[in-house]
Amino acid sequence: MNIPESKLPRIVIIGGGFAGVSMAKTLANKDVQVVLIDKHNYHTFQPLLYQVSTAGLEPDSIAYPLRKIIKTHKTSFFRLAEVEHIDASNNVIETNIGNLAFDYLIIATGTKTNYFGNATIEANSMPMKKVPQALNIRSLILQNFEKAAIAKTKEERSALLNFVIVGGGPTGVELAGAIAELKNHILPRDYRDLNASDMQIHLLEGNARVLPPMSEHASKKAEQFLKKLGVHVHCNTFVKDYDGTSVITNSDLYLQSETLIWAAGVTGDPVSGLQAESLIDRANRYKVNRFNQVDGYSNIFALGDIASMQTEAFPHGHPQVAQPAIQQGKLLGKNLIKLIQNRPMKPFTYKDKGSMATIGRNKAVVDLHRFKFAGFFAWFVWMFVHLMSLVGFRNRVIVFFNWSYNYINFDKAARLIIRPFKREI
Ligand SMILES: Cc1cc2nc3c(=O)[nH]c(=O)nc-3n(C[C@H](O)[C@H](O)[C@H](O)COP(=O)(O)OP(=O)(O)OC[C@H]3O[C@@H](n4cnc5c(N)ncnc54)[C@H](O)[C@@H]3O)c2cc1C
(Lines give C-alpha, C1' and ligand atoms only; values in the text may rest on other atoms or scores of the structure.)
Protein backbone atom coordinates (compact mmCIF):
# COMPACT_ATOMS: atom_id res chain seq x y z
CA MET A 1 0.00 0.00 0.00
CA ASN A 2 3.10 2.16 -0.23
CA ILE A 3 3.03 3.38 3.40
CA PRO A 4 6.60 4.15 4.55
CA GLU A 5 8.03 2.14 7.44
CA SER A 6 8.78 4.31 10.45
CA LYS A 7 9.72 4.03 14.11
CA LEU A 8 6.40 5.57 15.08
CA PRO A 9 3.56 3.26 16.19
CA ARG A 10 1.16 2.76 13.27
CA ILE A 11 -2.52 3.46 13.87
CA VAL A 12 -4.80 2.29 11.08
CA ILE A 13 -8.28 3.84 11.00
CA ILE A 14 -10.88 2.10 8.83
CA GLY A 15 -13.58 4.62 7.91
CA GLY A 16 -13.51 8.37 7.26
CA GLY A 17 -16.93 9.09 8.75
CA PHE A 18 -17.62 11.28 11.79
CA ALA A 19 -15.75 8.93 14.16
CA GLY A 20 -12.71 8.20 11.98
CA VAL A 21 -12.22 11.84 10.95
CA SER A 22 -12.56 13.15 14.50
CA MET A 23 -9.93 10.66 15.65
CA ALA A 24 -7.58 11.42 12.73
CA LYS A 25 -7.82 15.15 13.52
CA THR A 26 -7.02 14.54 17.20
CA LEU A 27 -3.91 12.57 16.20
CA ALA A 28 -2.66 15.25 13.80
CA ASN A 29 1.12 15.69 14.00
CA LYS A 30 1.45 13.54 17.12
CA ASP A 31 4.23 10.97 17.49
CA VAL A 32 2.28 8.27 15.67
CA GLN A 33 1.83 7.25 12.05
CA VAL A 34 -1.86 7.42 11.06
CA VAL A 35 -3.24 5.58 8.05
CA LEU A 36 -6.85 6.54 7.26
CA ILE A 37 -8.58 4.12 4.88
CA ASP A 38 -11.99 4.57 3.26
CA LYS A 39 -13.71 3.07 0.25
CA HIS A 40 -14.72 6.62 -0.75
CA ASN A 41 -12.24 9.47 -1.09
CA TYR A 42 -14.59 11.82 0.75
CA HIS A 43 -16.33 12.25 4.08
CA THR A 44 -20.13 12.31 3.79
CA PHE A 45 -22.25 14.60 5.95
CA GLN A 46 -25.13 12.12 6.12
CA PRO A 47 -27.61 14.40 7.96
CA LEU A 48 -28.01 16.47 4.77
CA LEU A 49 -28.21 13.60 2.28
CA TYR A 50 -31.97 14.09 2.07
CA GLN A 51 -31.40 17.61 0.66
CA VAL A 52 -29.30 16.11 -2.15
CA SER A 53 -32.11 13.59 -2.81
CA THR A 54 -34.64 16.39 -3.13
CA ALA A 55 -32.55 18.76 -5.27
CA GLY A 56 -31.98 21.30 -2.49
CA LEU A 57 -28.17 20.91 -2.38
CA GLU A 58 -25.44 19.81 -4.76
CA PRO A 59 -23.72 16.60 -3.63
CA ASP A 60 -20.30 18.23 -3.39
CA SER A 61 -21.51 20.67 -0.73
CA ILE A 62 -22.10 17.83 1.75
CA ALA A 63 -19.02 15.75 0.87
CA TYR A 64 -15.42 16.67 1.68
CA PRO A 65 -12.16 15.15 0.37
CA LEU A 66 -10.48 13.03 3.05
CA ARG A 67 -7.01 13.87 1.73
CA LYS A 68 -7.79 17.57 2.26
CA ILE A 69 -8.73 16.90 5.89
CA ILE A 70 -5.29 15.42 6.61
CA LYS A 71 -3.21 17.54 4.21
CA THR A 72 -1.35 19.33 7.03
CA HIS A 73 -0.92 16.18 9.14
CA LYS A 74 2.73 15.33 8.45
CA THR A 75 2.66 11.73 9.67
CA SER A 76 -0.80 10.84 8.30
CA PHE A 77 -1.66 9.00 5.08
CA PHE A 78 -4.89 8.29 3.23
CA ARG A 79 -5.59 5.25 1.10
CA LEU A 80 -8.68 4.75 -1.05
CA ALA A 81 -9.42 1.09 -0.35
CA GLU A 82 -12.01 -1.32 0.95
CA VAL A 83 -10.89 -3.34 3.95
CA GLU A 84 -11.98 -6.92 3.33
CA HIS A 85 -10.59 -8.84 6.28
CA ILE A 86 -8.76 -8.40 9.57
CA ASP A 87 -6.07 -10.94 10.40
CA ALA A 88 -6.11 -10.19 14.12
CA SER A 89 -3.54 -12.81 15.12
CA ASN A 90 -0.91 -11.23 12.83
CA ASN A 91 -2.07 -7.60 13.23
CA VAL A 92 -2.64 -7.20 9.50
CA ILE A 93 -5.58 -5.86 7.48
CA GLU A 94 -6.35 -7.18 4.02
CA THR A 95 -7.73 -4.70 1.49
CA ASN A 96 -8.52 -4.65 -2.22
CA ILE A 97 -5.22 -2.80 -2.82
CA GLY A 98 -2.99 -4.94 -0.59
CA ASN A 99 -2.22 -5.81 3.03
CA LEU A 100 -1.02 -3.53 5.81
CA ALA A 101 0.38 -4.28 9.25
CA PHE A 102 -0.83 -2.22 12.21
CA ASP A 103 0.11 -1.62 15.82
CA TYR A 104 -3.34 -0.31 16.67
CA LEU A 105 -6.48 -0.81 14.59
CA ILE A 106 -9.54 1.42 14.77
CA ILE A 107 -12.75 0.14 13.17
CA ALA A 108 -15.08 3.05 12.35
CA THR A 109 -17.03 1.54 9.46
CA GLY A 110 -20.48 2.80 10.51
CA THR A 111 -23.68 1.16 9.33
CA LYS A 112 -25.45 -0.01 6.20
CA THR A 113 -29.16 -0.08 5.30
CA ASN A 114 -31.13 -2.77 7.10
CA TYR A 115 -33.86 -4.47 5.05
CA PHE A 116 -34.58 -6.94 7.85
CA GLY A 117 -33.89 -9.84 5.49
CA ASN A 118 -36.51 -8.90 2.85
CA ALA A 119 -34.72 -9.39 -0.49
CA THR A 120 -37.66 -8.14 -2.59
CA ILE A 121 -37.77 -4.84 -0.73
CA GLU A 122 -33.97 -4.57 -1.01
CA ALA A 123 -34.13 -5.11 -4.77
CA ASN A 124 -36.95 -2.63 -5.44
CA SER A 125 -36.64 0.17 -2.91
CA MET A 126 -34.33 3.17 -2.78
CA PRO A 127 -31.85 3.37 0.13
CA MET A 128 -30.30 6.68 1.23
CA LYS A 129 -26.98 6.07 3.03
CA LYS A 130 -24.48 7.32 0.47
CA VAL A 131 -24.10 10.25 -1.91
CA PRO A 132 -24.63 8.12 -5.08
CA GLN A 133 -27.83 6.72 -3.52
CA ALA A 134 -29.11 10.23 -2.76
CA LEU A 135 -28.39 11.17 -6.39
CA ASN A 136 -30.32 8.08 -7.55
CA ILE A 137 -33.34 9.27 -5.57
CA ARG A 138 -33.03 12.77 -7.06
CA SER A 139 -32.91 11.36 -10.59
CA LEU A 140 -35.79 8.96 -9.96
CA ILE A 141 -38.07 11.67 -8.54
CA LEU A 142 -37.41 13.93 -11.54
CA GLN A 143 -37.65 11.05 -14.05
CA ASN A 144 -41.02 10.14 -12.53
CA PHE A 145 -42.25 13.72 -12.97
CA GLU A 146 -41.18 13.62 -16.62
CA LYS A 147 -42.86 10.24 -17.21
CA ALA A 148 -46.02 11.39 -15.40
CA ALA A 149 -46.25 14.39 -17.73
CA ILE A 150 -46.71 11.98 -20.67
CA ALA A 151 -48.54 9.14 -18.88
CA LYS A 152 -51.47 7.74 -20.83
CA THR A 153 -53.65 6.63 -17.93
CA LYS A 154 -54.59 8.05 -14.53
CA GLU A 155 -53.37 4.84 -12.81
CA GLU A 156 -49.97 5.08 -14.48
CA ARG A 157 -49.69 8.76 -13.52
CA SER A 158 -50.71 8.14 -9.88
CA ALA A 159 -48.14 5.35 -9.44
CA LEU A 160 -45.45 7.73 -10.76
CA LEU A 161 -46.58 10.57 -8.52
CA ASN A 162 -47.07 8.48 -5.37
CA PHE A 163 -44.00 8.64 -3.14
CA VAL A 164 -43.78 6.21 -0.24
CA ILE A 165 -41.22 6.73 2.51
CA VAL A 166 -40.76 3.90 4.97
CA GLY A 167 -39.47 4.87 8.40
CA GLY A 168 -40.69 7.84 10.41
CA GLY A 169 -37.39 8.54 12.16
CA PRO A 170 -35.57 11.84 11.54
CA THR A 171 -34.44 10.75 8.04
CA GLY A 172 -37.94 9.73 6.89
CA VAL A 173 -39.59 12.80 8.39
CA GLU A 174 -37.06 15.20 6.83
CA LEU A 175 -37.30 13.49 3.46
CA ALA A 176 -41.12 13.49 3.48
CA GLY A 177 -41.15 17.21 4.32
CA ALA A 178 -38.66 18.01 1.56
CA ILE A 179 -40.59 15.99 -1.07
CA ALA A 180 -43.76 17.81 0.03
CA GLU A 181 -41.99 21.11 -0.65
CA LEU A 182 -41.15 19.88 -4.16
CA LYS A 183 -44.84 19.16 -4.62
CA ASN A 184 -45.99 22.49 -3.21
CA HIS A 185 -43.43 24.83 -4.80
CA ILE A 186 -41.67 23.16 -7.75
CA LEU A 187 -44.28 20.96 -9.39
CA PRO A 188 -46.81 23.76 -10.02
CA ARG A 189 -44.13 25.98 -11.59
CA ASP A 190 -42.01 23.50 -13.60
CA TYR A 191 -44.68 20.98 -14.53
CA ARG A 192 -47.69 23.02 -15.53
CA ASP A 193 -48.86 19.97 -17.51
CA LEU A 194 -49.28 18.05 -14.23
CA ASN A 195 -51.80 18.57 -11.47
CA ALA A 196 -49.94 18.94 -8.15
CA SER A 197 -52.91 17.47 -6.27
CA ASP A 198 -52.28 14.16 -8.12
CA MET A 199 -48.99 13.82 -6.24
CA GLN A 200 -49.18 12.02 -2.91
CA ILE A 201 -46.56 11.51 -0.25
CA HIS A 202 -47.04 8.69 2.26
CA LEU A 203 -44.87 8.28 5.33
CA LEU A 204 -45.12 4.84 6.96
CA GLU A 205 -43.91 4.29 10.52
CA GLY A 206 -44.07 0.99 12.44
CA ASN A 207 -44.28 2.69 15.84
CA ALA A 208 -47.26 4.53 17.26
CA ARG A 209 -45.68 7.93 16.53
CA VAL A 210 -43.17 9.51 14.16
CA LEU A 211 -39.72 10.44 15.52
CA PRO A 212 -39.81 7.63 18.11
CA PRO A 213 -36.35 8.50 19.56
CA MET A 214 -37.51 12.06 20.34
CA SER A 215 -40.02 13.43 22.89
CA GLU A 216 -43.79 13.04 22.50
CA HIS A 217 -43.95 16.81 22.06
CA ALA A 218 -41.56 16.64 19.08
CA SER A 219 -43.49 13.72 17.54
CA LYS A 220 -46.80 15.49 17.84
CA LYS A 221 -45.49 18.73 16.38
CA ALA A 222 -43.67 16.91 13.55
CA GLU A 223 -46.84 15.05 12.61
CA GLN A 224 -48.80 18.32 12.60
CA PHE A 225 -46.18 19.97 10.38
CA LEU A 226 -46.14 17.02 7.99
CA LYS A 227 -49.92 17.01 7.68
CA LYS A 228 -49.89 20.76 7.05
CA LEU A 229 -47.51 20.13 4.15
CA GLY A 230 -49.90 17.50 2.78
CA VAL A 231 -48.00 14.34 3.81
CA HIS A 232 -50.14 11.30 4.65
CA VAL A 233 -48.74 9.89 7.89
CA HIS A 234 -49.48 6.22 8.68
CA CYS A 235 -48.30 5.08 12.12
CA ASN A 236 -48.35 1.45 13.36
CA THR A 237 -47.82 0.55 9.71
CA PHE A 238 -44.95 -1.45 8.31
CA VAL A 239 -44.25 -2.68 4.80
CA LYS A 240 -44.47 -6.42 4.29
CA ASP A 241 -43.55 -6.45 0.63
CA TYR A 242 -42.85 -4.25 -2.37
CA ASP A 243 -42.37 -5.54 -5.91
CA GLY A 244 -41.53 -2.18 -7.48
CA THR A 245 -45.15 -1.07 -7.80
CA SER A 246 -47.44 -2.58 -5.13
CA VAL A 247 -46.82 -1.67 -1.50
CA ILE A 248 -48.20 -4.35 0.81
CA THR A 249 -48.48 -3.36 4.47
CA ASN A 250 -49.56 -5.05 7.71
CA SER A 251 -52.82 -3.04 7.63
CA ASP A 252 -55.47 -2.57 4.97
CA LEU A 253 -53.39 0.25 3.50
CA TYR A 254 -52.41 -0.70 -0.05
CA LEU A 255 -50.52 1.71 -2.27
CA GLN A 256 -49.37 1.75 -5.89
CA SER A 257 -46.05 3.53 -6.21
CA GLU A 258 -43.02 3.52 -8.48
CA THR A 259 -40.91 5.00 -5.68
CA LEU A 260 -40.43 3.52 -2.24
CA ILE A 261 -37.66 5.10 -0.21
CA TRP A 262 -36.38 2.85 2.55
CA ALA A 263 -35.40 4.81 5.67
CA ALA A 264 -36.53 2.15 8.12
CA GLY A 265 -33.28 1.31 9.79
CA VAL A 266 -29.60 0.52 9.71
CA THR A 267 -27.39 -2.28 10.90
CA GLY A 268 -23.66 -2.31 11.66
CA ASP A 269 -21.18 -2.80 8.81
CA PRO A 270 -18.44 -4.91 10.44
CA VAL A 271 -15.32 -6.29 8.75
CA SER A 272 -14.75 -10.05 8.86
CA GLY A 273 -11.95 -11.56 10.94
CA LEU A 274 -12.60 -10.84 14.60
CA GLN A 275 -13.84 -13.57 16.93
CA ALA A 276 -17.62 -14.08 16.77
CA GLU A 277 -18.06 -13.21 20.46
CA SER A 278 -16.87 -9.65 19.81
CA LEU A 279 -19.95 -8.90 17.75
CA ILE A 280 -23.50 -8.38 19.01
CA ASP A 281 -25.45 -10.34 16.40
CA ARG A 282 -28.75 -8.49 16.74
CA ALA A 283 -27.23 -5.11 15.89
CA ASN A 284 -24.02 -6.14 14.08
CA ARG A 285 -22.04 -3.86 16.42
CA TYR A 286 -18.74 -4.62 18.14
CA LYS A 287 -18.91 -4.94 21.92
CA VAL A 288 -16.50 -2.36 23.33
CA ASN A 289 -15.48 -1.31 26.83
CA ARG A 290 -15.42 2.28 28.11
CA PHE A 291 -12.12 2.83 26.23
CA ASN A 292 -13.65 1.61 22.95
CA GLN A 293 -11.48 -1.52 23.07
CA VAL A 294 -13.18 -4.39 21.23
CA ASP A 295 -14.06 -7.28 23.54
CA GLY A 296 -11.20 -9.81 23.47
CA TYR A 297 -8.55 -7.51 21.95
CA SER A 298 -6.09 -5.03 23.49
CA ASN A 299 -5.01 -3.20 20.31
CA ILE A 300 -8.23 -3.25 18.29
CA PHE A 301 -10.83 -0.54 18.92
CA ALA A 302 -14.25 0.30 17.46
CA LEU A 303 -15.86 3.73 17.31
CA GLY A 304 -19.14 5.40 16.41
CA ASP A 305 -22.13 3.57 14.95
CA ILE A 306 -20.29 0.24 14.69
CA ALA A 307 -19.41 0.21 18.41
CA SER A 308 -21.79 -0.80 21.18
CA MET A 309 -20.60 0.51 24.53
CA GLN A 310 -23.11 -0.72 27.07
CA THR A 311 -23.33 1.46 30.16
CA GLU A 312 -25.92 1.94 32.88
CA ALA A 313 -27.30 4.99 31.07
CA PHE A 314 -27.15 3.27 27.65
CA PRO A 315 -27.76 -0.47 28.21
CA HIS A 316 -28.10 -1.07 24.44
CA GLY A 317 -25.18 1.14 23.46
CA HIS A 318 -25.21 4.80 22.42
CA PRO A 319 -27.65 6.11 19.82
CA GLN A 320 -26.32 5.75 16.27
CA VAL A 321 -25.96 9.48 15.64
CA ALA A 322 -23.06 11.81 14.92
CA GLN A 323 -22.31 13.12 18.43
CA PRO A 324 -21.24 9.84 20.12
CA ALA A 325 -19.08 9.09 17.05
CA ILE A 326 -17.36 12.50 17.18
CA GLN A 327 -16.88 12.43 20.96
CA GLN A 328 -15.53 8.86 20.96
CA GLY A 329 -13.13 9.68 18.12
CA LYS A 330 -11.73 12.67 20.00
CA LEU A 331 -11.29 10.80 23.26
CA LEU A 332 -9.78 7.69 21.70
CA GLY A 333 -7.22 9.86 19.90
CA LYS A 334 -6.09 11.25 23.26
CA ASN A 335 -6.35 7.85 24.96
CA LEU A 336 -4.16 6.10 22.39
CA ILE A 337 -1.37 8.60 23.01
CA LYS A 338 -1.74 7.86 26.74
CA LEU A 339 -1.71 4.10 26.09
CA ILE A 340 1.47 4.41 24.03
CA GLN A 341 3.05 6.46 26.83
CA ASN A 342 1.89 3.91 29.47
CA ARG A 343 -0.41 6.44 31.11
CA PRO A 344 -3.95 5.56 32.26
CA MET A 345 -6.73 6.09 29.71
CA LYS A 346 -9.90 8.05 30.48
CA PRO A 347 -13.23 6.19 30.25
CA PHE A 348 -15.79 7.56 27.78
CA THR A 349 -18.92 9.37 28.96
CA TYR A 350 -21.39 10.56 26.36
CA LYS A 351 -22.47 14.20 26.59
CA ASP A 352 -25.89 14.24 24.96
CA LYS A 353 -26.42 17.68 23.42
CA GLY A 354 -30.04 16.95 22.41
CA SER A 355 -31.70 16.06 19.13
CA MET A 356 -33.55 17.84 16.37
CA ALA A 357 -35.28 17.30 13.04
CA THR A 358 -36.56 19.66 10.37
CA ILE A 359 -39.77 19.17 8.44
CA GLY A 360 -39.61 22.11 6.08
CA ARG A 361 -39.22 25.87 5.88
CA ASN A 362 -39.86 27.44 9.30
CA LYS A 363 -40.74 24.00 10.67
CA ALA A 364 -38.47 21.99 12.95
CA VAL A 365 -38.49 20.32 16.35
CA VAL A 366 -35.74 20.50 18.95
CA ASP A 367 -35.37 18.48 22.15
CA LEU A 368 -32.81 19.80 24.60
CA HIS A 369 -32.43 18.64 28.19
CA ARG A 370 -34.54 21.38 29.69
CA PHE A 371 -36.34 22.82 26.69
CA LYS A 372 -38.40 21.37 23.92
CA PHE A 373 -39.49 23.71 21.17
CA ALA A 374 -40.83 23.68 17.64
CA GLY A 375 -41.48 26.05 14.76
CA PHE A 376 -39.44 28.92 13.32
CA PHE A 377 -36.88 29.26 16.14
CA ALA A 378 -36.30 25.48 16.16
CA TRP A 379 -35.80 25.63 12.39
CA PHE A 380 -33.28 28.45 12.78
CA VAL A 381 -31.39 26.48 15.47
CA TRP A 382 -31.45 23.38 13.23
CA MET A 383 -29.97 25.35 10.32
CA PHE A 384 -27.27 26.96 12.44
CA VAL A 385 -26.17 23.66 14.04
CA HIS A 386 -26.04 21.83 10.70
CA LEU A 387 -24.22 24.66 8.97
CA MET A 388 -21.58 24.82 11.69
CA SER A 389 -21.18 21.02 11.72
CA LEU A 390 -20.36 20.77 8.00
CA VAL A 391 -16.73 19.99 7.25
CA GLY A 392 -14.95 22.82 5.40
CA PHE A 393 -15.50 26.58 5.12
CA ARG A 394 -16.34 26.36 1.40
CA ASN A 395 -19.12 23.86 2.03
CA ARG A 396 -20.58 26.06 4.77
CA VAL A 397 -20.62 29.09 2.48
CA ILE A 398 -22.19 27.17 -0.41
CA VAL A 399 -24.86 25.58 1.78
CA PHE A 400 -25.65 28.94 3.41
CA PHE A 401 -25.96 30.57 -0.01
CA ASN A 402 -28.20 27.75 -1.30
CA TRP A 403 -30.44 27.82 1.73
CA SER A 404 -30.82 31.62 1.55
CA TYR A 405 -31.55 31.47 -2.19
CA ASN A 406 -34.04 28.62 -1.74
CA TYR A 407 -35.73 30.42 1.14
CA ILE A 408 -36.21 33.67 -0.77
CA ASN A 409 -37.23 32.04 -4.06
CA PHE A 410 -39.05 28.91 -2.83
CA ASP A 411 -36.64 27.13 -5.14
CA LYS A 412 -34.60 23.92 -5.25
CA ALA A 413 -32.02 24.66 -7.87
CA ALA A 414 -30.33 21.27 -8.32
CA ARG A 415 -33.23 19.55 -10.11
CA LEU A 416 -31.09 17.92 -12.77
CA ILE A 417 -31.08 14.39 -14.09
CA ILE A 418 -27.32 14.18 -14.64
CA ARG A 419 -27.06 10.42 -14.50
CA PRO A 420 -30.47 8.79 -15.11
CA PHE A 421 -31.40 6.15 -12.56
CA LYS A 422 -31.84 2.63 -13.94
CA ARG A 423 -32.98 -0.12 -11.63
CA GLU A 424 -30.63 -3.10 -11.72
CA ILE A 425 -32.49 -6.31 -12.42
C1 LIG B 1 -29.69 9.72 5.93
C2 LIG B 1 -29.06 9.88 7.28
C3 LIG B 1 -29.37 10.98 8.05
C4 LIG B 1 -28.80 11.15 9.31
N5 LIG B 1 -29.12 12.26 10.04
C6 LIG B 1 -28.51 12.47 11.23
C7 LIG B 1 -28.75 13.65 11.96
O8 LIG B 1 -29.55 14.51 11.56
N9 LIG B 1 -28.08 13.82 13.13
C10 LIG B 1 -27.20 12.89 13.59
O11 LIG B 1 -26.59 13.10 14.64
N12 LIG B 1 -26.97 11.75 12.93
C13 LIG B 1 -27.59 11.52 11.76
N14 LIG B 1 -27.35 10.36 11.07
C15 LIG B 1 -26.47 9.36 11.66
C16 LIG B 1 -25.02 9.73 11.50
O17 LIG B 1 -24.75 10.07 10.17
C18 LIG B 1 -24.16 8.55 11.96
O19 LIG B 1 -24.44 8.29 13.30
C20 LIG B 1 -22.68 8.86 11.79
O21 LIG B 1 -22.38 9.03 10.43
C22 LIG B 1 -21.84 7.74 12.38
O23 LIG B 1 -20.49 8.02 12.15
P24 LIG B 1 -19.45 6.84 11.91
O25 LIG B 1 -18.12 7.49 11.75
O26 LIG B 1 -19.62 5.80 12.95
O27 LIG B 1 -19.88 6.16 10.55
P28 LIG B 1 -20.06 6.80 9.03
O29 LIG B 1 -20.16 8.27 9.17
O30 LIG B 1 -21.15 6.03 8.45
O31 LIG B 1 -18.67 6.46 8.38
C32 LIG B 1 -18.28 5.17 8.05
C33 LIG B 1 -17.20 5.24 6.98
O34 LIG B 1 -16.59 3.99 6.84
C35 LIG B 1 -16.38 3.69 5.48
N36 LIG B 1 -16.31 2.22 5.35
C37 LIG B 1 -17.25 1.32 5.73
N38 LIG B 1 -16.80 0.06 5.54
C39 LIG B 1 -15.56 0.19 5.02
C40 LIG B 1 -14.58 -0.77 4.61
N41 LIG B 1 -14.78 -2.09 4.73
N42 LIG B 1 -13.42 -0.31 4.10
C43 LIG B 1 -13.19 1.02 3.99
N44 LIG B 1 -14.08 1.97 4.38
C45 LIG B 1 -15.24 1.55 4.89
C46 LIG B 1 -17.56 4.31 4.79
O47 LIG B 1 -17.28 4.58 3.42
C48 LIG B 1 -17.77 5.59 5.60
O49 LIG B 1 -17.06 6.67 5.06
C50 LIG B 1 -27.91 10.17 9.80
C51 LIG B 1 -27.61 9.06 9.03
C52 LIG B 1 -28.18 8.91 7.77
C53 LIG B 1 -27.84 7.71 6.93
Side-chain angles (χ1 to χ4, degrees), residues 12-24 35-54 62-64 66 69 78-86 93-97 100 105-114 126-134 137 165 167 169-175 178 211 213-214 261-273 284-286 292 302-308 317-329 332 352-358 364-366 382 385-386 389-391:
V12 173
I13 305 173
I14 316 173
F18 285 101
V21 162
S22 127
M23 176 154 181
V35 183
L36 177 63
I37 300 178
D38 201 295
K39 53 188 170 187
H40 302 112
N41 78 334
Y42 53 85
H43 165 81
T44 304
F45 191 79
Q46 294 176 12
L48 291 181
L49 272 176
Y50 83 95
Q51 296 213 1
V52 173
S53 302
T54 52
I62 67 151
Y64 198 83
L66 287 165
I69 293 175
F78 171 74
R79 287 293 176 265
L80 177 64
E82 177 154 6
V83 179
E84 290 163 345
H85 188 75
I86 301 166
I93 54 158
E94 296 165 15
T95 81
N96 60 339
I97 58 163
L100 185 70
L105 178 67
I106 319 301
I107 310 170
T109 47
T111 54
K112 57 185 178 195
T113 306
N114 190 357
M126 306 293 289
M128 196 185 65
K129 263 292 289 170
K130 302 172 184 174
V131 172
Q133 294 171 341
I137 295 175
I165 298 143
T171 302
V173 163
E174 294 184 340
L175 195 57
L211 298 181
M214 293 185 73
I261 303 173
W262 190 254
V266 290
T267 184
D269 194 5
V271 183
S272 72
N284 260 335
R285 297 171 90 181
Y286 293 109
N292 284 94
L303 286 178
D305 279 3
I306 191 70
S308 177
H318 295 106
Q320 286 167 300
V321 291
Q323 273 306 317
I326 294 168
Q327 292 174 25
Q328 286 179 0
L332 184 58
D352 186 357
K353 295 182 177 169
S355 45
M356 55 184 79
T358 185
V365 288
V366 174
W382 179 93
V385 168
H386 282 75
S389 309
L390 274 166
V391 181

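Numbering of ligands and ligand atoms starts at 1, following listing order.
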Nearest non-hydrogen protein atom to atom 40 (C) of ligand 1, with distance, is Val83 N, 3.8 Å

Of all the atoms in ligand 1, which lie at a distance below 4.0 Å from a heavy atom belonging to Met128? 1 (C), 53 (C)

With a cut-off of 4.0 Å, which atoms of ligand 1 are near a heavy atom of Ile14? 42 (N), 43 (C)

Do any N or O atoms from the side chain of His43 and from the backbone of Tyr64 form a donor-acceptor pair under 3.5 angstrom? no

Report yes if the side chains of Phe78 and Asp38 come closer than 4.5 Å at any heavy-atom pair, otherwise no. yes

Consider ligand 1: state whether an atom of it lies below 4.0 angstrom from any non-hydrogen atom of Ala81. yes

Gly304 heavy atoms, cut-off 4.0 Å: which ligand 1 atoms fall inside? 26 (O)

Those atoms of ligand 1 less than 4.0 Å from some heavy atom in His40: 47 (O)

Of all protein heavy atoms, the one nearest atom 5 (N) of ligand 1 is Pro47 CA, 3.3 Å

Closer than 3.5 angstrom, by distance alone: can the side chain of Gln320 be matched with the main-chain N or O of Asp305 as a donor-acceptor pair? yes

Close approach of Ile306 to ligand 1, heavy atoms, under 4.0 angstrom: no

Taking all atoms of both residues into account, what is the closest heavy-atom pair of Met356 and Glu174, and its distance? O-OE2, 4.4 Å

What protein heavy atom sits nearest atom 49 (O) of ligand 1, and how far away is it? Asp38 OD2, 2.6 Å

Would Tyr42 count as a polar contact of ligand 1, with the cut-off being nitrogen or oxygen pairs under 3.5 Å? no

Any donor-acceptor pair under 3.5 Å linking the side chain of Arg285 with the backbone of Ala307? yes

Under 3.5 Å, is there a donor on one side chain and an acceptor on the other for Asn284 and Thr267? yes

I'd like to check which ligand 1 atoms, numbered from 1 as shown, lie under 4.0 Å from a non-hydrogen atom of Lys129. 30 (O), 53 (C)

Could you pull out the closest heavy-atom pair between Ala81 and Ile97, with the gap in Å? CB-CG1, 3.5 Å

Taking Val21 as the fixed residue, which of Ile13, Val391, Ile326, Leu66 is the one that meets the side-chain contact (heavy atoms from CB on, under 4.5 Å) rule? Leu66

For atom 37 (C) of ligand 1, closest protein heavy-atom neighbour: Thr109 O, 3.3 Å

Contact between ligand 1 and Ala108 is defined here as a heavy atom of the residue under 4.0 Å from a ligand atom; is it met? yes

Just need the protein heavy atom nearest to atom 53 (C) of ligand 1, so name the residue and atom and give the distance. Gln46 OE1, 3.3 Å

Is it the side chain, the backbone, both or neither of Glu174 that has a heavy atom closer than 4.0 Å to ligand 1? neither

Give the intermediate values and the outcome of side-chain contact (heavy atoms from CB on, under 4.5 Å) for residues Ile93 and Ile37. CA-CA 11 Å; Ile93 54 158; Ile37 300 178; 3.4 Å; yes

Step by step, would you call Phe45 with Val52 a side-chain contact (heavy atoms from CB on, under 4.5 Å)? CA-CA 11 Å; Phe45 191 79; Val52 173; over 6 Å; no

Among Ala63, Ala134, Gly110, Ser389, which one puts a heavy atom closest to atom 27 (O) of ligand 1? Gly110

Could you tell me whether the side chain of Glu84 and the main chain of Glu94 form a donor-acceptor pair under 3.5 Å? no

Is there a nitrogen or oxygen of Val271 sitting under 3.5 Å from a nitrogen or oxygen of ligand 1? no

What I'd like to find out is whether the side chain of Thr111 reaches to under 4.5 Å of the side chain of Asp269, using heavy atoms alone. no

For atom 3 (C) of ligand 1, which of the options Thr171, Leu48, Asn41 provides the nearest non-hydrogen atom? Thr171

Could you check whether atom 14 (N) of ligand 1 has a protein contact, counting only heavy atoms that fall below 4.0 angstrom? no

Using atom types as modelled and distance alone, determine if a side-chain donor or acceptor of Gln133 lies under 3.5 Å from a backbone N or O of Lys130. yes

Among non-hydrogen protein atoms, atom 26 (O) of ligand 1 lies closest to Asp305 N, 2.9 Å

Between Pro324 and Pro319, what is the shortest heavy-atom contact and its length? CG-O, 3.4 Å

Near Ala325 (heavy-atom distance under 4.0 Å), the atoms of ligand 1 are 23 (O)

Looking at Gly167, is its backbone amide N or carbonyl O close enough to the side chain of Trp262 to form a donor-acceptor pair, meaning the two atoms are under 3.5 Å apart? no

For atom 10 (C) of ligand 1, what's the nearest protein heavy-atom neighbour? Residue, atom name and distance, please. Ala322 N, 3.6 Å

Evaluate Lys39 for polar contact with ligand 1, using N/O atom pairs at a separation under 3.5 Å. yes

For atom 34 (O) of ligand 1, what's the nearest protein heavy atom and its distance? Gly15 CA, 3.3 Å

May I ask you to check if ligand 1 and Phe18 share an N or O to N or O distance below 3.5 Å? yes

Examine Gln320 against ligand 1 and note whether any of their N/O atoms are separated by less than 3.5 Å. yes

